[in-house]
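Below: the structure, in structure tokens.
Excluded from the calculations below are hydrogen atoms, water molecules and symmetry mates; all remaining heavy atoms, backbone and side chain alike, are included.
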Amino acid sequence: MNTKQQQTYKRIFENPISGDLKWKDVESLFEALGAEISEGRGSRVRVVLNGVKAVFHRPHPSPSTNKGALKSVRVFLENAGKAYEKRS
């Protein structure tokens, strides 16, 4: 992970949750972690990381991700990390 992706990861787990994190930065983090990303219908984005699947909605028209979506990203990353630990 590069420095920006590390900062994005830290911001996802900050309390209180940030309301101004850009979705493109979240997708970049997913890619750096080795996730498979595919486009769904409309603004849906399918993500698979360590066997854990999730579907997110790419924000529009604003590029910023809302707090509720970031909570979902946080839970997804936690679950994918636990799945990775079980396989190791």
Side-chain angles (χ1 to χ4, degrees):
M1 278 196 296
N2 65 31
T3 304
K4 183 162 180 140
Q5 292 159 340
Q6 290 173 6
Q7 290 173 349
T8 300
Y9 185 86
K10 288 178 186 175
R11 290 189 63 201
I12 289 170
F13 286 94
E14 282 180 344
N15 284 312
I17 291 178
S18 175
D20 64 348
L21 193 59
K22 302 231 181 305
W23 179 255
K24 69 178 183 136
D25 295 337
V26 174
E27 280 194 49
S28 175
L29 172 65
F30 289 157
E31 290 172 356
L33 293 172
E36 297 175 31
I37 301 172
S38 61
E39 300 292 323
R41 298 181 87 182
S43 61
R44 291 180 185 90
V45 179
R46 293 186 194 104
V47 184
V48 180
L49 178 61
N50 298 329
V52 177
K53 299 176 184 178
V55 177
F56 299 102
H57 288 262
R58 186 176 284 125
H60 57 83
S62 169
S64 295
T65 308
N66 67 36
K67 293 178 182 183
L70 284 179
K71 284 181 187 177
S72 296
V73 168
R74 180 187 292 186
V75 169
F76 169 70
L77 290 173
E78 288 171 341
N79 291 337
K82 288 176 186 169
Y84 179 75
E85 289 171 8
K86 287 180 184 176
R87 291 190 323 186
S88 296

Value for CD (E78) from CD1 (I12), rounded to nearest 0.5 Å, stands at 10.5 Å
Rounded to the nearest 0.5 Å, the CD atom of Q5 sits from the CG atom of N2 at a distance of 3.5 Å
Following the transitive rule for hydrophobic clusters with a side-chain heavy-atom cut-off under 4.5 Å over Ile, Leu, Val, Met, Phe, Trp and Tyr, establish whether F76 and M1 coincide in one cluster.
-> yes
Side-chain heavy atoms under 4.5 angstrom apart, residues restricted to Ile, Leu, Val, Met, Phe, Trp, Tyr: same cluster for V45 and V48?
no
Contacts satisfying salt bridge (charged side-chain N to carboxylate O under 4.0 Å, His left out) that involve residues 64-73 (not counting sequence neighbours) are none
What one should report as the nearest heavy-atom pair of S64 and P59 is O-CB, 3.4 Å
Given 3.5 Å as the limit, does a donor-acceptor pair link the side chain of T8 with the main chain of K4, or not? yes
Checklist entry - Does the side chain of N79 come within less than 4.5 Å of N50's, by heavy atoms? => result no
* Asked: Can you tell if the side chain of L70 reaches within under 4.5 Å of the side chain of L21, non-hydrogen atoms only?
  -> yes
Across all chains, not counting sequence neighbours, the side chain to side chain donor-acceptor pair (under 3.5 Å) partners of D20 are R11, S18
Those residues at least two apart in sequence (or on a different chain) that pass side chain to side chain donor-acceptor pair (under 3.5 Å) with N15 are R74
Listing, residues 29-39 side-chain donor-acceptor contacts under 3.5 Å, not counting sequence neighbours, or none:
unit_1, atom_1, unit_2, atom_2, d
E39, OE1, R58, NH1, 3.0
E39, OE2, R58, NH2, 3.1

The remaining residues in the hydrophobic cluster of V55, counting side-chain heavy-atom contacts under 4.5 Å among Ile, Leu, Val, Met, Phe, Trp and Tyr, are none
With sequence neighbours left out, the residues meeting side chain to side chain contact (heavy atoms under 4.5 Å, CB included) with P63 are K22
